[in-house]
Amino acid sequence: MRYSKMLIPTVKEAPAEAISPSHVLLLRGGYIRKLGAGIYNYLPLGHRVLSKVARIVREEMNRAGAQEVLMPAVLPAELWQETGRWDAFGDVLLRFKDRKGTDFCLGPTHEEIITDMVRREVRSYRQLPVNLYQIQTKFRDEARPRGGLLRTREFLMKDAYSFDVDDEGAARSFAQMREAYERIFTRCGLTFRIVSADSGAMGGSMSAEFQILAETGEDAIVACDSCDYAANVEVAQVALPQRPAAPATLAPLKKVPTPGKRTIEEVSTFLGVAPQKMLKTLIYVAGQRVVTVVVRGDHEVNEVKLARALGMSEVFLATDADVVRATGAPVGFAGPVGMKTEVYADQAVQAVFDGVTGANEAGAHYTGVNPGRDFAPRWADLRSAGEGDPCPRCSGHYKAYRGIEGGHIFILGTHYSAKMKATYLDAAGVEKPIVMGCYGIGVSRIVAAAIEQHHDADGIRWPLAIAPFEVLVTSVGASAEVRAASTEIYEALSGDGFEVLWDDREERPGVKFKDADLIGIPIRVTVGERGLKEGVIEVKRRDQKEAARVTRSEAVALVAQMVRRERG
RNA sequence: CGGGGCGUAGCGCAGUCUGGUAGCGCACACGGUUCGGGACCGUGGAGUCGGAGGUUCAAAUCCUCUCGCCCCGACCA
């Protein structure tokens, strides 16, 4: 492809609204343009990258035995009402009516639709297992789209659904998808971690996220430094630390004045007590229940864990008014001693002796607080894991990372099949619900995540497998020699099946080099008058500083070798 | 949804406080000189100042309403 014929509108200055590196570079490189909040046009380069990621996904899904289908983007409300998600989905679901007044939505995901498809066609265990997938545009009316392609309202997603006769079968399907996903993310040139995750309100068992590691990632994850356990902090377990021996004598419970000192930091400074000796006390509302939660002063309550411990799907931090009602004191002075509500405490609190906590009285705290003696909570793992915390599986410790959720696989069980009566007859003629799994990959999100992981100050550094082109031939100078040599190399590489972009524009060299770095094609072949005089062509990788200086005849072979090695 | 902020030429911005008839840089078009890391000179085109209403002799500027967008948080099958 000739650069001069292609629409690649690079710009020096990105719109002020772009903050994250991938957003800025996609805009500047002429890959995408914004049409509305979280809605983007893909220009030629952007579309090429998106297609490449989709192709890799498709190849690996097919290799894993999944079959491609295509479901509509416009979905009748009827099916959603069957599972109750028409209401449960809330504002994220973009709804509208047709001319007859019938309710529809734009599909944010397709469990109901695929389950309906399968229940109509599958009767017998002989037709199972089956794994169906599609690569399709989804719409979710996100409260807050952000980061360009990282979190959009309309996005391209691969969603697959497995249907098995039983849990063992589903586990096999799950394992196959996990393997396929590892191949996909690896082929895309991404550094990622597979982590245990929350499966959400509608979830089932076995949930794993494929987290693409990046500083700018929305998700916090932890991974053990000595075994392979890794998890989203939403669910990461924390091993009970070694409990220090209790001191010979415990201090007596004592009320001390702490006027106006509300936060852990204020109280700890005021009383000269380390935050680790403080008992952070928060009031939560879970359905009809009001619950007091205690964690160590330097720890954070994990609301996903708390909800699970309480057997609820979600919990909310109490309002200031609720806190006053529950504790009899303003926010900042709550404590478990004498508390009338249910009291839950994180297990790390067991190791706090002679601690400090609010006295449920304005301007007062207790010192010498000892769990067991002064209050009797229910113990649970309630805090968020962080760097350095002990691994629950071995003697290692956690390292903390940030990640972008590129994929999520989990087993749904019979959640949808039971509600929608998607059943089969087993060998004994007994009707049973199909056991399902579901597997998503954010195709457009991967495009952005790859840049978050692979860029520098000058622009994008695409992994070769998903780059819009594999090779960029840059002609420097307008002489007949340059043109002839460029044409020769361009045609040789193109003829051998490589994806080549030839910068044949009548631009100054500086402009071409800047654009080259910006759009980030992995291998650049520079054909210039200066080099040609010495019979030299330059071959340079985008991620390396130095160019290889080779002869015209060597250049094509060298590039071919480099590309083949990285195609994967 | 809570907090903060922004809408002026395709992009980045100034002008708004203190009302007086819209400007700078980049980009774009043309001419010339340049040509290995975003050239220079000259000329030129391009803006319902997000929208509606109001105040005023006069509104980008003041007032009211409204729409859109961004950032932090909440939310995220």
Side-chain angles (χ1 to χ4, degrees), chain A residues 9-20 23-24 27-28 30 33-39 80 83-93 105 107-115 138-148 150-153 155 157 159 161 197-204 207 209 218-219 232 234 303-304 313-317 319 405 408-410 412 415-416 436 438-440 442 445 457-459 474-479 482 503 505-519 524 526-533 536 538 540 545 547:
Chain A
T10 59
V11 289
K12 286 190 204 171
E13 291 173 295
E17 65 197 37
I19 304 295
S20 65
H23 193 187
V24 170
L27 250 17
R28 287 194 51 213
R33 289 292 185 259
K34 189 177 74 172
L35 203 58
I39 304 179
W80 293 81
T83 58
R85 290 166 104 197
W86 181 256
D87 297 317
F89 235 104
D91 291 336
V92 173
L93 196 61
C105 67
T109 178
H110 283 72
E111 282 81 5
E112 281 82 354
I113 322 310
I114 197 85
T115 304
K138 306 288 196 199
F139 196 96
R140 295 182 190 177
D141 197 356
E142 295 277 354
R144 190 178 157 216
R146 68 186 91 176
L150 284 170
R151 177 171 291 277
T152 52
R153 292 197 294 170
F155 56 99
M157 178 174 173
D159 48 327
Y161 307 87
D198 186 36
S199 37
M202 297 282 184
S207 171
E209 288 171 348
E218 289 186 320
D219 294 329
N232 194 304
E234 286 179 349
E303 297 187 358
V304 172
S313 62
E314 53 186 355
V315 296
F316 301 94
L317 199 56
T319 62
E405 184 186 349
H408 196 165
I409 59 177
F410 55 98
L412 294 169
H415 184 86
Y416 293 91
M436 294 172 58
C438 103
Y439 317 93
R445 180 179 279 182
D458 296 313
T474 302
S475 297
V476 175
S479 70
V482 168
D503 192 347
R505 295 175 300 169
E506 290 178 18
E507 288 287 354
R508 299 164 62 83
V511 172
K512 293 190 171 193
F513 292 139
K514 286 292 184 188
D515 278 340
D517 287 345
L518 215 207
I519 64 180
R524 188 181 85 200
T526 307
V527 182
E529 271 149 38
R530 218 162 68 180
L532 247 31
K533 280 202 187 96
V536 167
E538 291 162 45
K540 179 184 167 302
K545 267 210 144 52

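Below, read A as the first sequence line, B as the second, and so on, with proteins coming before strands; counting in each chain starts at 1. The figures that follow rest on heavy atoms only: side chains count, while hydrogens, waters and symmetry mates do not.
- Side chain of R140(A) to main chain of V92(A): no donor-acceptor pair is present (N/O by atom type, distance under 3.5 Å, no hydrogens or angles).
- For G23(B), the paired nucleotide is C13(B), the pair qualifying as Watson-Crick or G-U wobble because both relevant distances are below 3.5 Å.
- Of all nucleotides listed (G36(B), C76(B), G12(B)), G36(B) comes nearest to the side chain of R530(A).
- No engagement by D91(A) is indicated, since no non-hydrogen atom pair under 4.0 Å with the nucleic acid exists.
- C28(B) is paired with G44(B) under the criterion used here, namely a Watson-Crick or G-U wobble arrangement in which both key atom distances are under 3.5 Å.
- Mapped onto RNA chain B by nearest heavy atom, E111(A) and A37(A) fall at different nucleotides, with A37(A) at the one closer to the 5' end.
- For K34(A), counting side-chain heavy atoms from C-beta on, the closest listed nucleotide (C69(B), C76(B), A39(B)) is C69(B).
- Using a 4.0 Å heavy-atom criterion, one finds that G531(A) contacts the bases of the nucleic acid, with or without backbone contacts as well.
- Between the side chain of E529(A) and the base of G36(B) there is no donor-acceptor pair of N/O atoms closer than 3.5 Å.
- Picking from A77(B), C76(B), G12(B) the nucleotide with the shortest atom distance to the side chain of P15(A) gives G12(B).
- Using a 4.0 Å heavy-atom cutoff across all strands shown, K512(A) reaches no nucleic acid atom at all.
- Across the strands present, A58(B) finds no partner; the criterion is a Watson-Crick or G-U wobble pair with both atom distances under 3.5 angstrom.
- With hydrogens and angles ignored, no donor-acceptor pair under 3.5 angstrom links the side chain of R146(A) to the base of C70(B).
- Among the protein residues, A143(A) comes within range of the nucleic acid bases, having at least one heavy atom under 4.0 Å from a base atom.
- One donor-acceptor pair, N or O on each side, does fall under 3.5 Å between the base of G37(B) and the side chain of R524(A).
- In this structure, K12(A) and K514(A) have side chains that are not in contact, with every pair of non-hydrogen atoms separated by 4.5 Å or more.
- Nearest nucleotide to the side chain of D517(A), out of G38(B), G36(B), G37(B): G37(B).
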Mind running side chain to side chain contact (heavy atoms under 4.5 Å, CB included) on Y161(A) and T115(A) for me, showing each step along the way?
CA-CA 9 Å; Y161(A) 307 87; T115(A) 304; over 6 Å; no
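- When the shell of 6.0 Å around CG of D91(A) is examined, it contains 12 or fewer heavy atoms from other residues, nucleotides or ligands.
- Checking A77(B) for Watson-Crick or G-U wobble geometry (two distances, each under 3.5 Å) identifies no partner in any strand.
- For G37(B), there is no paired base (Watson-Crick or G-U wobble, both distances below 3.5 Å).
- Pairing for C69(B) is with G5(B), a Watson-Crick or G-U wobble pair whose two hydrogen-bonding atom distances lie under 3.5 Å.
- U18(B) and C75(B) have their P atoms separated by 42 Å, with the value rounded to a whole Å.
- At a cut-off of 3.5 angstrom, counting only N and O atoms as typed in the model, there is a donor on one side and an acceptor on the other between the side-chain of E538(A) and the base of G36(B).
- Of all nucleotides listed (A77(B), G36(B), C11(B)), A77(B) comes nearest to the side chain of R85(A).
- The nucleotide A52(B) finds its pairing partner in U64(B), both defining distances of the Watson-Crick or G-U wobble pair being shorter than 3.5 Å.
- Counting heavy atoms from C-beta outward, Y416(A) and I114(A) have side chains that stay 4.5 Å or more apart.
- In this structure, R508(A) reaches the A39(B) phosphate: one of its side-chain N or O atoms is under 4.0 Å from OP1 or OP2.
- Look at CG on L27(A): it is 10 Å from P on C11(B), rounded to the nearest Å.
- Distances from the side chain of R140(A) to the nucleotides C69(B), A77(B), G12(B) place A77(B) closest.
- Among the atoms of the strands shown, only primed sugar atoms or phosphate atoms (P, OP1, OP2) are found under 4.0 Å from some heavy atom of A14(A).
- For the pair F316(A) CZ and C75(B) C1', the computed distance is 10 Å after rounding to whole Å.
- Counting distance only, with no hydrogens placed and no angle test, the side-chain atoms of R28(A) and the base atoms of G12(B) include no donor-acceptor pair under 3.5 Å.
- Two residues, V11(A) and T109(A), neighbour RNA chain B, and the one matched to the more 5' nucleotide by heavy-atom proximity is V11(A).
- Side-chain proximity of F89(A) to C69(B), G38(B), A77(B): nearest is A77(B).
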